[in-house]
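Below: the structure, in structure tokens.
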Amino acid sequence: METESEPYVRLATLRQLHQVMADMNTARSLADTLQTVADGVVNGLGYELACVNLVRPDGDLVVAALAGNSAAEALITGRVGSRHSWERRLNMGEAWGDLRFIPHTEGWVLDDDDVPQWHTDGPEPRFEDEWHPADRLFAPMYTPGPPGGSGGELIGVLSVDRPRNGRHPGAWGREALQMYAFQAAIAISNARLRANMQRALVRLEREQQALRASEESFRQAFEYAPSGMAVAEMGGDQHGRILRTNDALCRLLGRPASSMRRYSFSDLVHPEDIGTLLRTSAEGGRSELRLCRRDGTYVWVSLRNSVVADAADGPRFLLTHVEDIEERKRRELQLAHRASHDSLTGLPNSAELRARLSARLCARPTAMEPGVVDTIDAAYGEVVAARNASAYDANVTPYDVNGHGFDYRSASDAFGAYDHHVHTVTPEGEKDDGTKGLAVLFCDLDGFKSINDRFGHNAGDFVLVEVARRLSAAVRDGDTVARLGGDEFVVLADGLGRADAEDLAVRLRSEIIQPIRVDGRAMRVGASFGIGWAHCGMSAEEVLQSADERMYVEKRSRPKAHRRAG
């Protein structure tokens, strides 16, 4: 190429140029491409030295490849020149098309900037077109622009030094270098794209491997978890439908995995626990409830929910961890039963009796005017009816109870504690007037102390257990039989009139006085009953005290010799 001039160019030169361009596009990596670009300038275009300055992400240019001089390659490869200094160079000198030539007469002002450079030694030029050692020639490389438009973004600069013929390149040499820089830009862009794609493929493969490993870990953790696990749909028409279960859950419920997929947890939960299930949040929710086994029995479990997504924006699923807590619940129930029941007879104890009795009673207002309290139960129904029918103005309409006036608002406030409560009332007078109330039967055994004294406490305990059994068998379902302590028992029987309560006391006494055989001996105890009545406004202690007092009245009224026989 050193002697060619336009329009004459040797075919061998074109072949050589074609070959170096082909080599640029077949390099295997970005680094190989950059070095091939530099080598092509030296081998194909006939320059003694070529340097590829590549734009970094921060905008500065780094010497990425150099060809033609091993000493220069070792000295400046990897060094960086600022973008400002490079833009200054590309705006100086003579524009040869897209090339930029800075003659030695101007280039001296660049000697002290930060651009890495190397000059080939040589004699001073003797002719006008002869190359000077301080001459500089740059070929900017731009990303390909749209057809018919200008070049795109600067990706680098080819800097060349001293053509082998020692002269400034002619028209053909300039155009060849310009075409080469254009093709080099394409090759470098393609190499970068390939490198990015390869990195992306490697990253994707690593992510897929990690995903496969994660899925396998999840599968093993799910399948072989010692406690139950389930995956259910979240959202949509099939919300809550079980999609997948592990062996532990199938064993716990006695159901095969194929049948589990026909259910949701709402289908399996105990009817009394459906509200607990619905209140359990999807994300991090916990609850304790009962699930139905295949045989129809129920098992206590602890449910813990978490939400998992199939992808970043993909469908979400509900992962439910199911732990068997049957044994713990059984122990808790046992402890609760021991705390609320008598250890000897198994009946509710004194604390449980008072709790059940208190639950039926509400406190009556006491801050109202005298006379209103006495008639509040009767007035309550009328006030509530008026309020529901909006028959009274809440601010101005007075309401009269036996001459005691108060407005609707104060009545509503006073009766607020009574809402949603069925009031316990007391039969009036000594005769049965048809009123049904909560009867409290206080029972004290007669002659029990003599059994303990004569036959020992084991015999006494046996008698107490048998009395408890007979009392429990003689009352209705829903009534409460409790052991208050020692030989005292209490029966709570709701919905009884005065005559009904008296008949119940007679029937219970008849059951108790029947002989009790202990170690072959027939023993008998009697019983004294006092009937008290509970009504709202009384405390549990007041109710029990009233029944106890009536029991002692009844006990004193009967001759001592007849108490045991009833």
Side-chain angles (χ1 to χ4, degrees), residues 1-2 4-6 37-38 40-42 44-56 59-69 72 75-76 79-143 145 150-185 188:
M1 184 186 299
E2 295 116 359
E4 284 86 348
S5 61
E6 193 177 9
V37 169
V41 175
V42 174
L45 299 181
Y47 290 90
E48 292 184 357
L49 186 144
C51 180
V52 179
N53 302 274
L54 192 65
V55 176
R56 302 191 312 177
D60 293 339
L61 281 74
V62 61
V63 178
L66 192 143
N69 190 308
L75 181 64
I76 67 174
R79 291 177 57 187
V80 177
S82 67
R83 183 63 173 262
H84 174 73
S85 298
W86 272 107
E87 288 178 349
R88 182 185 179 194
R89 288 171 179 248
L90 297 179
N91 290 324
M92 288 177 58
E94 303 174 16
W96 293 352
D98 289 338
L99 306 180
R100 184 65 62 174
F101 176 70
I102 303 177
H104 65 279
T105 55
E106 301 179 15
W108 61 271
V109 300
L110 303 175
D111 289 342
D112 296 330
D113 67 10
D114 59 357
V115 173
Q117 53 191 346
W118 178 274
H119 298 297
T120 304
D121 293 333
E124 291 289 328
R126 294 170 296 173
F127 308 104
E128 183 178 355
D129 64 344
E130 191 172 357
W131 187 271
H132 189 279
D135 288 342
R136 296 174 174 86
L137 180 58
F138 304 115
M141 298 180 291
Y142 297 94
T143 57
S150 59
E153 182 182 357
L154 180 72
I155 65 170
V157 178
L158 282 175
S159 58
V160 300
D161 188 25
R162 190 176 178 80
R164 288 199 182 94
N165 62 5
R167 297 181 179 277
H168 295 162
W172 158 242
R174 298 174 187 177
E175 187 168 351
L177 180 58
Q178 185 171 309
M179 288 190 302
Y180 187 83
F182 177 79
Q183 294 298 324
I188 292 172

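Residue numbers start at 1 and run along the sequence shown. Note that the structure is predicted; figures quoted are calculated from it, not measured.
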Let me have the donor-acceptor pairs involving side chains of residues 101-110, under 3.5 Å, with sequence neighbours excluded, atom names and distances please.
| residue | atom | partner | partner atom | Å |
| --- | --- | --- | --- | --- |
| H104 | ND1 | D135 | OD1 | 3.2 |
| W108 | NE1 | T105 | O | 3.1 |

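Contacts of E130 classified as side-chain hydrogen bond (donor to acceptor under 3.5 Å, both in side chains), with partners at least two apart in sequence or in another chain: none. When the side-chain hydrogen bond (donor to acceptor under 3.5 Å, both in side chains) test is applied to R79, no partner is found at least two apart in sequence or on another chain. With sequence neighbours excluded, the residues forming a side-chain hydrogen bond (donor to acceptor under 3.5 Å, both in side chains) with W131 are D161, listed by chain and number. Taking the side-chain hydrogen bond (donor to acceptor under 3.5 Å, both in side chains) definition, one finds that R136 meets it with D111, Q117, H119, sequence neighbours left out. Checked against side-chain contact (heavy atoms from CB on, under 4.5 Å), A67 has the following partners two or more places apart in sequence or in another chain: Q35, A38, D39, V42. Applying the side-chain contact (heavy atoms from CB on, under 4.5 Å) criterion to R56, with sequence neighbours excluded, gives D58, D60, V62, V80. Among residues two or more places apart in sequence or in another chain, the ring-ring contact (aromatic ring centres under 6.0 Å, His included) test is passed with Y47 by none. In this structure D112 satisfies the salt bridge (Lys or Arg N to Asp or Glu O under 4.0 Å) test with no other residue, sequence neighbours excluded. Applying the side-chain contact (heavy atoms from CB on, under 4.5 Å) test to A185 and every residue at least two apart in sequence or in another chain returns M141, I155.
The CH2 atom of W86 lies 10.5 Å from the CG atom of D114; values are rounded to the nearest 0.5 Å. Between R167 atom CZ and D129 atom CG the span is 4.5 Å, to the nearest 0.5 Å. With values rounded to the nearest 0.5 angstrom, I188 atom CD1 is found 11.5 Å from T143 atom OG1.
The side-chain contact (heavy atoms from CB on, under 4.5 Å) with L61 is formed by just one residue from the set V52, V115, N53; it is N53.
Residues W96 and Q178 are not in side-chain contact: their nearest non-hydrogen atoms beyond the backbone lie 4.5 Å or more apart. Inter-residue side-chain proximity for P169 and V160 is flagged as unmet; no heavy-atom pair is nearer than 4.5 Å.
Nearest heavy-atom pair across P116 and I76 is CB-CB, 4.1 Å. Taking every heavy atom of both residues into account, L75 and W118 meet most closely at CD2-CZ3, 3.7 Å. The shortest non-hydrogen separation linking L54 to A64 is CB-CB, 4.0 Å.
Applying the salt bridge (charged side-chain N to carboxylate O under 4.0 Å, His left out) test to residues at least two apart or on different chains, the pairs with a partner in residues 88-103 are R89-D113.
Side-chain atoms of R83 come within 3.5 Å of backbone N or O of G59 as a donor-acceptor pair.
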